[in-house]
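Written out below as structure tokens is the structure these notes cover.
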Amino acid sequence: MGAIYFLNSLTSMGSKKRSSDSVEEIDIQKSNTSSDSKVSSEHLKKKIKKVKKNEEEIEKSNNNDNSSNGVKPMERKKKRKALDKEKHRATSGDNTEMKPILANLEVKEVEKSRTSNSLPEFHIGVFKDLGSADGLVREAAAERLVMELQVVQKAYNMLEKKEDVDGGLKLEAEKDDGLNNCAPSLRYAVRRLVRGVSSSRECARQGFALGLTMLVGAVSDIALDSLLKLIVDLLEVSSSMKGQEIKDCLLGRLFAYGALARSGRLIQESEYIKEFTGAVITLATKKRYLQEPAVIVILQLVEKLPVKVVLKQVLDAPGLHEWFEGATEAGNPDALLLALKLREKLSDDNRSFGNLLPNPYSSSSMFSPEHLSILSSCLKESTFCQPRVHGVWPVLVNILLPDVVPEGTDSSTGLNSTKKHKKKPKSSSYEEDLQKNLQNFWDVIIEGSLLLSSHDRKHLVFDVLLLVLPRLPVSCIPIVLSYKIVQCLIDILSTKDSWLYKFAQYFLEKLSDWVSNDDGKRVAVTMALQKHSNGKFDCITRTKTVKDLMSGFTTEPGCMLFIKNLIDMFLDVRPLEEPSDQSQTTDDNSEIGSIEEKDVTSDFLKSWVVDSLPSVLKHAKLDKTEDSNELPEGEGKFGVQKEILKFLAVQGLFSSSLGTEVTSFELDQKFRWPKAATSSSLCRMCIEQLQLLLANAQKGEWPHTVTSGKEANDLGSYFMKFLSVLRNIPSVSLFRSLSDEDEKAFKKLQAMENWLSKEERNCGMSADAHRLHALRYLLIQLLLQILLRPGEFFEAASEIIICCKKFFPSPDLLDSSGEDEADADGDDAPVLMDVFVDTLLSLLPQSSAPMRSSIEQVFKYYSDDVTDDGLLRMLKVIKKDLKPARRQDSDTENDDDTDDDDLLAIEEAEDSDEAETGGEVADDQSEESEGIADSAGKGDSDSDSDGGMDDEAMFRMDSYLAQIFKEKRNQAGGETAHSQLVLFKLRVLSLLEIYLHENQGKFFTFIICKQQVLKVFTNLAQAFVNPNTTEGSEQLGDRICKIMEHKIFKAKHYPKDESVQLSLLEPLLEKNLKLASKPFKKKKSAITPSKKKQSASFQRYRKIVNLAQNSIYWILKIIDSRSFKEDELEKVFEIFKGALTRYFDGKNSMLKLNFLKEIFRRWAWIGRRFFGFLVEKCGGAKSKFRRVEGLDLVLEILKPLNIEGSDVGKKMVSKHMSEICVLIKELVMNMPEKQSKRAEVRKFCGKLFTIFTNLKLSAKFLESLDPEVCVACEGQIGKVFLDLKKQQV
């Protein structure tokens, strides 16, 4: 609004530099009249004369130019700019010389006026600069106006006969305006300034108001009563005016009154304040938009007045009392603003404010529900000035939440808040009064009036919130972020098209910035948002507000405060301020059960609490406090972990039979439960989060020793001790009763963990400490798993305990019944590690993610001891088909024999696969087993013998697989069984990857390990190639390929000695070559498969080919490292010869040219062996395409031999010169039809001729060629062949 801008612009007056251009005229005039000035003024005169002279020259030149048409207008423009710059330097450079010149001018003018009736000249052109958009120009013009009029008025006051004054403006000034003591020029200026403030031209209103302010304040001859009357007369609204004209007159009066208030004259002549205030109030009643600026004009005047004057002049002003009386009915926020500020000035009660303020006044009565109901109409109407916030709101917030808050106000709930406030005597009732007033204000005004209304008023609610936040104590955040406020915010943010959406986002940003450095505020805001959204704020609003707030807890005190509030929310008990006396705290807590029932927190909100507790540790830097003092290593984190663990254990594992509160004297701590019984789903969630907490703690721990008599930070040991203590409390029991088997296993696990913990402390930092630590956490996870899924794990727990007793025997650990270890004493007892690995595998299918992590940790430290049989058990799971084999032999041999006979044994699953999937699998997947199906069905036969294990050990894990197949038969489609088996395979693959990683160096140190790597390779290859093994799970196939690539093919070590026989590698090489050459064929079916399924089938085919190629590279690398003699490699050469023969003669071979070239590049001895064979095949190839491709293979073999004087190359080429000539004849006599193929032939011949030249075999080659071939070469090859012939001439 223009009025507000004007009032703000006046405050910056007087401190800015004047514009030099705006004072040009007065500078020139005054410098000419000061003949008796100092030397500095003479310098200024010379500059001004020079400028005038230059100006005259330019005028003359312009006249001459106009007469002669030779000079362009641009030249004149440049000269004018140069003159302006010089004039600017002349006037602004000697600004300091102006003051004595002006002073001398003033004296001269006054003396001159004494001797004559003429007054100093007043330049009216200054009014033009008052309307300039440049603030500096307006200020300079106002100063010049005041200077000239002061001189004129002084001269006028010195005149003896004022009626004989000469002046062109006398007639205009003779009007009856009451300014009889003013010179005509001054009267004219005042009238024009008053009229000017009503002008809407550019910035005329601001400039003329500035001039009026300065003039009235500087010239005391202007009578205030006359000026007030003149303002009304000149800016009177007549009946003929319409629209903008009325608005201009009213705003002009407002600016005129503002100028008068700021001039300071009313403070000196206070008898006019009453009339002035009445005039302003009268103006405010005319239009709504005039009320607030009118009040600001009055308040700016009141700030400078003494209290007595305010009481007599302002409060008794005509119309003010009536304005206050009708404010509540009319909904006038400006009257309320004026009343509040006047009350603040007076600091005393007064009846003049009507019912706007209570009488007697107090903060409690001001913010009582009754009085706030009266004020609600005024505050609701304050939205008319949006987007600006009305001035009444900052005043109300200042009264409601003063700047100074007593020290320690938020000590019970905040961390950093108390450090920011000034000290003041503590008041026990201060916070209660503040909260009560804020609660009343929020209930009546914010939620009861504004929030239920229009979008503008909702916008105002969040504006007020932003005003409140900087002053808001932590204890009052739940009041401000109430249920209705949070729900309104959620409603806005849930719809992006909402009118307030962007502003709501802005509010959340400001809210996050406000809590950024204060953990107490962060906690309160987070809890309020989640509590009132039922834990779904981020989900509904599609933001990360709560997530970002939670990630800001980086210190131990902040984490502990957040955890405390989360626990209180879960228990549905509001945080109570804890007295210093511990006995008093106990009494208060004991009365919780007798308090009237509160709203029970929903299960969803409780589940959010349970999920949030472990995530507190994610971003925390808990080894330092707020003051950056380092704690002992892990101390801060361990303290937070203990608090989380105790809550999860109490709420998830136990229940109390005597009330909701139990005290443990041993732990010196009280434990609470919700009044309503915790649901079983929440208990399960607590146990799962407890498992996750322990698993994460295990990853960050190392085996510890006892240091300085204190036990190191071991969360697992603390949990087991905590569990034991709570189980010994009579009134506390497990949340569910256990069967006899589970109870027995539970107690054994506790005893075994206790024994292993002692052993770990005694081991120090030895290698066994890692194994003990991992075993202990596995036992803890098993214990929790028994509670989570009763009746499923007691057998596995018993077997793990037996293995632990064998690993770390102790005669007095547990009483052995003889039943558990009866089989272990026999001669045919299975190997301990085989039983242990088998038990770990049996746990994988049903275990949770934390338990699988513990299993992997245990397997990592025991992988060195895994036997060959244990490894085969893992591989059997990976190879297991969801579809049983179609054909089985009754007299199948064991896996060892099968793998030796057929290293890539694959079930011929074409028919069965087509029957199950409707022909969706491509033929290449069934034909992959073509030619290697002699032993089909043997690799996966159910009658396989598993490495000599007894029946009980062998079928312990198979019981789960049998359950999967049973589900497949009972369920349509068997989707559940299939997905479970895939997950099981992925988990076993994780163990296998750990095994390969931990034993990389040992694979190639011991003979047995070198054979194991071949077993792993062959079994993984079989699992990947067999479509029934990885069917429906691309992830499983990719995982197998990744393990083979990184842990086998790219491993640093591989078998290099005689431990791996060539007889094992030869069939493996043959099978992979066949697999790499298999074509991709679409399955013939009545139903055409979709493009998506065809694409998936082709992608699988490409992966199989890539696997076969990498396998061949790896096998050849092993063969090459052994340095076999050529006669020992005859079988290898025969295999390659067969593959190359099929490549040239057959149509179905899909060996890639680049793959063969890579083999010849890496192992040149293979290429040299087949050089003559390839030349012969290229010459007699049936397919021209294969012939041209074969040329690249020939060149690839010759590349390393293309060296001058190479005897090996020369001997090899000479030996096969006749075959080469036949090849050249075939090429030039039967050139390909396609131009690209002819270019490749010429390129081959050119490179071949270069090799002949380097090996000095050109003459022999030319002699061997027939004459007709030479003629054909000249015609087809051209220049390259002719150059070869010229070299021999």
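One is the number of the first residue; the rest follow in order along the sequence. Small disclaimer: the values here were computed from a predicted structure and weren't measured.
- Although no hydrogens or angles enter the test, the distance criterion places no donor-acceptor pair under 3.5 Å between the side chain of S199 and the main chain of G196.
- Crowding of E329 atom CD: a count of heavy atoms from other residues, nucleotides or ligands under 6.0 Å not exceeding 12.
- Both the sub-6.0 Å distance and the 45° axial angle are not jointly satisfied by K510 relative to the ring of F462.
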Review point. Going through the distances and angles, do L346 and V307 end up as a side chain to side chain contact (heavy atoms under 4.5 Å, CB included)?
Key: CA-CA 6 Å; L346 299 176; V307 176; 3.7 Å; yes
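- Between V461 and I485 there is a side-chain heavy-atom pair separated by less than 4.5 Å.
- At a threshold of 4.5 Å between non-hydrogen side-chain atoms, the residues H390 and L337 count as touching.
- Counting all heavy atoms, side chain and backbone alike, I124 lies closest to R192 at O-NH1, 4.4 Å.
- Under the rule for a salt bridge (Lys or Arg N to Asp or Glu O under 4.0 Å), E325 has no partner lying at least two apart in sequence or in another chain.
- W393 contributes no side-chain N or O that, together with a main-chain N or O of L467, makes up a donor-acceptor pair within less than 3.5 Å.
- The shortest side-chain heavy-atom distance between L379 and L336 falls under the 4.5 Å cut-off.
- A distance of 12.5 Å separates NE2 in H371 from CG in N440, rounded to the nearest 0.5 Å.
- Using a 4.5 Å heavy-atom threshold, the side chains of L251 and L290 count as touching.
- Contact between A256 and I231 at its shortest, heavy atoms only, is CB-CD1, 3.7 Å.
- Contact annotation: the side chain of F127 approaches that of L193 to within less than 4.5 Å [non-hydrogen atoms, C-beta and beyond].
- In the displayed structure, R351 atom CZ is contacted under 6.0 Å by at most 12 heavy atoms of other residues, nucleotides or ligands.
- In this structure, the side chain of S449 engages the main chain of V444 through a donor-acceptor pair within 3.5 Å.
- In terms of modelled atom types and a separation under 3.5 Å, the side chain of R195 and the main chain of G252 share no donor-acceptor contact.
- Looking only at distances, a side-chain donor or acceptor of Q313 sits under 3.5 Å from a matching main-chain atom of K274.
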Practice item. Under the side chain to side chain contact (heavy atoms under 4.5 Å, CB included) rule, what do L210 and L130 come out as? Steps first, then yes or no, please. Key: CA-CA 8 Å; L210 176 61; L130 284 177; 5.9 Å; no
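- The structure places CG of L508 at 11.0 Å from CG of D513, a figure rounded to the nearest 0.5 Å.
- Residue K247 places its NZ atom among 12 or fewer non-hydrogen atoms of other residues, nucleotides or ligands, all under 6.0 Å distant.
- Within the 3.5 Å criterion, the main-chain N or O of D225 finds no donor-acceptor partner in the side chain of E275.
- Between V464 and L460 the shortest side-chain heavy-atom distance falls below 4.5 Å.
- Residue pairs meeting the salt bridge (charged side-chain N to carboxylate O under 4.0 Å, His left out) criterion with at least one partner in residues 440-461, sequence neighbours excluded, are E381-R457.
- At a cut-off of 3.5 Å, with distance as the only test, a side-chain donor of D248 or Q244 sits close to an acceptor on the other residue.
- The distance from the CG atom of L260 to the CG atom of L266 is 4.5 Å, given to the nearest 0.5 Å.
- To the nearest 0.5 Å, atoms CG (L212) and CZ (R262) are separated by 13.0 Å.
- To the nearest 0.5 Å, atom NE2 of residue H459 and atom OG of residue S454 are 11.5 Å apart.
- A donor-acceptor distance shorter than 3.5 angstrom exists from the side chain of K345 to the backbone of L305, with no hydrogens or angles considered.
- D221 pairs with exactly one of R187, Q153, K154 by the side chain to side chain donor-acceptor pair (under 3.5 Å) rule, that one being Q153.
- Heavy atoms only, all atoms of each residue included: R138 and C203 are closest at NH1-CB, 3.5 Å.
- The distance from the CD1 atom of I246 to the NZ atom of K286 is 10.5 Å, given to the nearest 0.5 Å.
- The closest donor-acceptor contact from the side chain of S453 to the backbone of L450 lies at 3.5 Å or more, if one exists at all.
- Listed here is the closest heavy atom pair of A284 and Q291: O-CG, 3.3 Å.
- Put simply, the side chain of L224 reaches to within 4.5 Å of the side chain of V216, judged on heavy atoms.
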Exercise for review: Begin from the C-alpha positions of V297 and F276 and carry the test side chain to side chain contact (heavy atoms under 4.5 Å, CB included) through to its verdict.
Suggested key: CA-CA 11 Å; V297 169; F276 171 80; 3.9 Å; yes
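- Remark: R343 is not positioned above the aromatic ring of F353, lacking an NZ or CZ atom under 6.0 angstrom from the ring centre and at most 45 degrees off the axis.
- In this structure, A339 and L356 approach most closely via the heavy-atom pair CB-CD1, 4.0 Å.
- Pairing each heavy atom of A142 with each of G211, the nearest pair is CB-CA, 4.1 Å.
- Within 6.0 Å of OH on Y506 lie no more than 12 heavy atoms contributed by other residues, nucleotides or ligands.
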Check your understanding: Can you list the steps and then say if V194 with L227 is a side chain to side chain contact (heavy atoms under 4.5 Å, CB included)?
Key -> CA-CA 9 Å; V194 172; L227 182 59; 4.3 Å; yes
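- Residues F384 and P333 are in side-chain contact: their nearest non-hydrogen atoms beyond the backbone lie under 4.5 Å apart.
- No donor-acceptor pair closer than 3.5 Å links the side chain of S365 to the backbone N or O of Y361.
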